[in-house]
Visitor: 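Quick one: this structure, given as structure tokens, is what I'll be asking you about.
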Number of protein chains: 2
Amino acid sequence: MTALAEIFKALGDPIRLEIVQRLSRGETFTIGDVSSDLGVTRQGARKHLQVLVDAKLVKLEPKGRDVYVRFETNSLDDAKAFIAEVEKRWDSRLEALRQFLEGE
Amino acid sequence: MTALAEIFKALGDPIRLEIVQRLSRGETFTIGDVSSDLGVTRQGARKHLQVLVDAKLVKLEPKGRDVYVRFETNSLDDAKAFIAEVEKRWDSRLEALRQFLEGE
DNA sequence: CTAATATGCAACTAAATGGTTGTATATACT
DNA sequence: AGTATATACAACCATTTAGTTGCATATTAG
């Protein structure tokens, strides 16, 4: 799969969206925290986190017996660029249509 | 599922990403065109399109025996806002860290 | 050293996904 | 009218996904 599609797919789940949002708010947490906070077993949490790791949105840092979840800086740049590009193209089409209709 | 997660999930597939991109480039096509252009059966194309319709990224307009695929204006706004928000928060955290380290 | 804690790895299940084929229906062409 | 075309709907299949439980391993606490 495309790297970009993989990023969107990783974001396409409420639990994973919540994880990313919490990270961006500066919250610090471990795999176990994700499990207890988001109401899923540790293994369930681990699987969601692996999806985010594979999409390079997140990295895992073992520290002692805990594993901390860290945000991967700049990981959303491609997704942002895609959306911006799509919207830009679409807007310029609408603008061209507007000018045509107004006869400019 | 959250409306937002549903949007990301809909974008989380190379074929659907391609459909959205083509629409934004101003291409005009029917369900049958998606099928032949993207190498999937009509029913396969139809299913992908339904995912995009459910996420409100696209609408289908029957015209005679054809069904045209149209881009749904502003449909990506929430996705864009989410990413912008996450990046903004993250950047301001990094900035705070920088200032702390530099002792400003 | 022993007990508790946090995770890893593997197996399993139910449901969703991505894809197909087959058949039916409506529209368009000659 | 009769044929070809574009789609709809349903059933089916293989794979992936989201979740679980069970057991093993490593680290921390007493």
Side-chain angles (χ1 to χ4, degrees), chain A residues 1-23 27-72 79, chain B residues 1-23 27-72 79:
Chain A
M1 183 161 52
T2 310
L4 183 56
E6 194 173 2
I7 289 174
F8 283 127
K9 194 170 191 174
L11 294 175
D13 176 280
I15 289 184
R16 294 194 295 262
L17 219 40
E18 180 69 27
I19 292 171
V20 169
Q21 211 155 27
R22 289 183 181 215
L23 279 178
E27 297 184 22
T28 294
F29 46 85
T30 65
I31 296 180
D33 294 333
V34 172
S35 165
S36 50
D37 291 355
L38 303 186
V40 75
T41 59
R42 284 159 187 278
Q43 286 70 11
R46 179 61 231 240
K47 281 197 179 179
H48 278 300
L49 288 167
Q50 191 59 45
V51 172
L52 292 170
V53 167
D54 290 344
K56 299 198 173 57
L57 292 172
V58 142
K59 57 189 163 190
L60 298 179
E61 285 182 3
K63 180 151 195 169
R65 68 182 162 181
D66 297 293
V67 173
Y68 286 88
V69 183
R70 308 287 186 201
F71 188 63
E72 192 78 73
Chain B
M1 183 161 53
T2 309
L4 183 56
E6 194 172 4
I7 290 174
F8 282 127
K9 194 170 191 174
L11 294 175
D13 176 281
I15 290 184
R16 294 194 294 262
L17 219 41
E18 180 69 27
I19 293 171
V20 169
Q21 210 155 26
R22 287 182 183 216
L23 279 178
E27 297 184 23
T28 294
F29 47 83
T30 65
I31 295 180
D33 294 333
V34 172
S35 166
S36 50
D37 291 356
L38 302 186
V40 75
T41 59
R42 283 160 188 279
Q43 286 70 9
R46 180 59 230 242
K47 281 196 180 180
H48 278 299
L49 287 167
Q50 191 59 45
V51 172
L52 291 170
V53 167
D54 290 344
K56 299 199 173 58
L57 292 172
V58 143
K59 58 188 162 190
L60 299 179
E61 285 182 3
K63 179 151 195 171
R65 68 182 162 178
D66 297 293
V67 173
Y68 285 89
V69 183
R70 308 287 186 200
F71 188 62
E72 192 78 73

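Proteins come first, then strands; the chains are lettered A, B, ... in the order of their sequence lines, and each starts at number 1. What you see is a predicted model, and the numbers here were worked out from it, not measured in a lab.
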Visitor: In this structure, how many angstroms lie between the P atom of D/dG19 and the CD atom of A/Gln50, rounded?
Guide: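 Whole-Å distance recorded here is 15 Å.
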
Visitor: Could you give the CD-to-C1' distance, from B/Glu61 to D/dT7, as a whole number of Å?
Guide: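 Value for this atom pair: 16 Å.
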
Visitor: Heavy-atom nearest nucleotide on DNA chain C for B/Met1 versus A/Tyr68: which residue maps closer to 5'?
Guide: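 Whichever sits nearer the 5' end wins; that is A/Tyr68.
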
Visitor: Starting from C1' on C/dA16, measure out to CG on B/Asp13 and report it in whole angstrom.
Guide: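 Interatomic distance, CG of B/Asp13 to C1' of C/dA16: 14 Å.
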
Visitor: Looking at B/Arg65, I'd like to know whether one of its side-chain N or O atoms comes within less than 4.0 Å of OP1 or OP2 on C/dA26.
Guide: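 For B/Arg65, the contact criterion (side-chain N or O under 4.0 Å from OP1 or OP2 of C/dA26) is not met.
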
Visitor: Looking at C/dT20, D/dT20, C/dG8, which one has an atom nearest to any side-chain atom of A/Val40?
Guide: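 Output: D/dT20.
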
Visitor: Tell me which of B/Asp33 and A/Lys63 sits closer to the 5' end of DNA chain D, going by the nucleotide each one is nearest to.
Guide: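 The 5'-side residue here is B/Asp33.
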
Visitor: Nearest-nucleotide wise, let me know which of A/Thr41 and B/Gln43 is further upstream toward the 5' end of DNA chain D.
Guide: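 The residue whose closest nucleotide sits nearer the 5' end is B/Gln43.
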
Visitor: With a 4.5 Å limit on heavy-atom distance, are the side chains of A/Leu57 and A/Leu11 in contact?
Guide: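 Result yes, sub-4.5 Å side-chain heavy-atom pair found.
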
Visitor: Look at the side chain of B/Asp66 and decide which nucleotide, out of D/dA18, D/dA6, D/dA11, has an atom nearest to it.
Guide: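 The closest nucleotide is D/dA6.
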
Visitor: By the 4.0 Å heavy-atom rule, please label A/Gly44 as base, sugar-phosphate, or nothing.
Guide: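 It contacts base atoms.
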
Visitor: Under 4.0 Å between a side-chain N/O of B/Thr30 and OP1 or OP2 of D/dA6, yes or no?
Guide: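 So the side chain of B/Thr30 is outside the cut-off, no N or O lying under 4.0 Å from OP1 or OP2 of D/dA6.
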
Visitor: Would you compute the distance between atom CG of A/Leu52 and atom CD of A/Gln50 and round it to the nearest 0.5 angstrom?
Guide: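 If I round to the nearest 0.5 Å, the distance is 9.5 Å.
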
Visitor: Expressed as a whole number of angstroms, how long is the span from A/His48:NE2 to D/dT16:C1'?
Guide: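 The answer, rounded to whole Å, is 14 Å.
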
Visitor: Could you check if a side-chain atom of A/Thr30 sits within less than 4.5 angstrom of a side-chain atom of A/Val67, using non-hydrogen atoms only?
Guide: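 No, their side chains stay 4.5 Å or more apart.
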
Visitor: Looking only at heavy atoms, which two atoms of B/Arg70 and B/Leu23 are closest? And how far apart?
Guide: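 Scanning both residues, the minimum pair turns out to be C-CD1, 3.9 Å.
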
Visitor: Answer yes or no: does a side-chain N or O of A/Arg46 lie under 4.0 Å from OP1 or OP2 of C/dT7?
Guide: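 A/Arg46 to C/dT7 OP1/OP2: no side-chain N or O under 4.0 Å.
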
Visitor: Is B/Arg42 close enough to D/dA6 that one of its side-chain N or O atoms is under 4.0 Å from OP1 or OP2 there?
Guide: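 For B/Arg42, the contact criterion (side-chain N or O under 4.0 Å from OP1 or OP2 of D/dA6) is met.
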
Visitor: Tell me the interatomic distance from A/Leu52, atom CG, to D/dA18, atom P, rounded to whole angstroms.
Guide: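 Distance, rounded to whole Å: 10 Å.
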
Visitor: Can a side chain N or O of A/Lys9 be found less than 4.0 Å away from OP1 or OP2 on D/dT17?
Guide: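 For A/Lys9, the contact criterion (side-chain N or O under 4.0 Å from OP1 or OP2 of D/dT17) is met.
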
Visitor: What's the CG-P distance between B/Leu38 and C/dT20, to the nearest Å?
Guide: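 The distance from CG of B/Leu38 to P of C/dT20 comes to 12 Å, rounded to the nearest Å.
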
Visitor: Let me know the distance between NZ of A/Lys47 and C1' of C/dA14, rounded to the nearest Å.
Guide: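 So the two atoms are 12 Å apart, to the nearest Å.
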
Visitor: Is any side-chain heavy atom of A/Leu38 less than 4.5 Å from a side-chain heavy atom of A/Arg22?
Guide: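 When only atoms from C-beta onward are counted, A/Arg22 and A/Leu38 do touch, with a gap below 4.5 Å.
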
Visitor: Output the rounded distance in Å from CD1 (A/Ile31) to C1' (C/dC9).
Guide: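 About 13 Å, once rounded to whole Å.
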
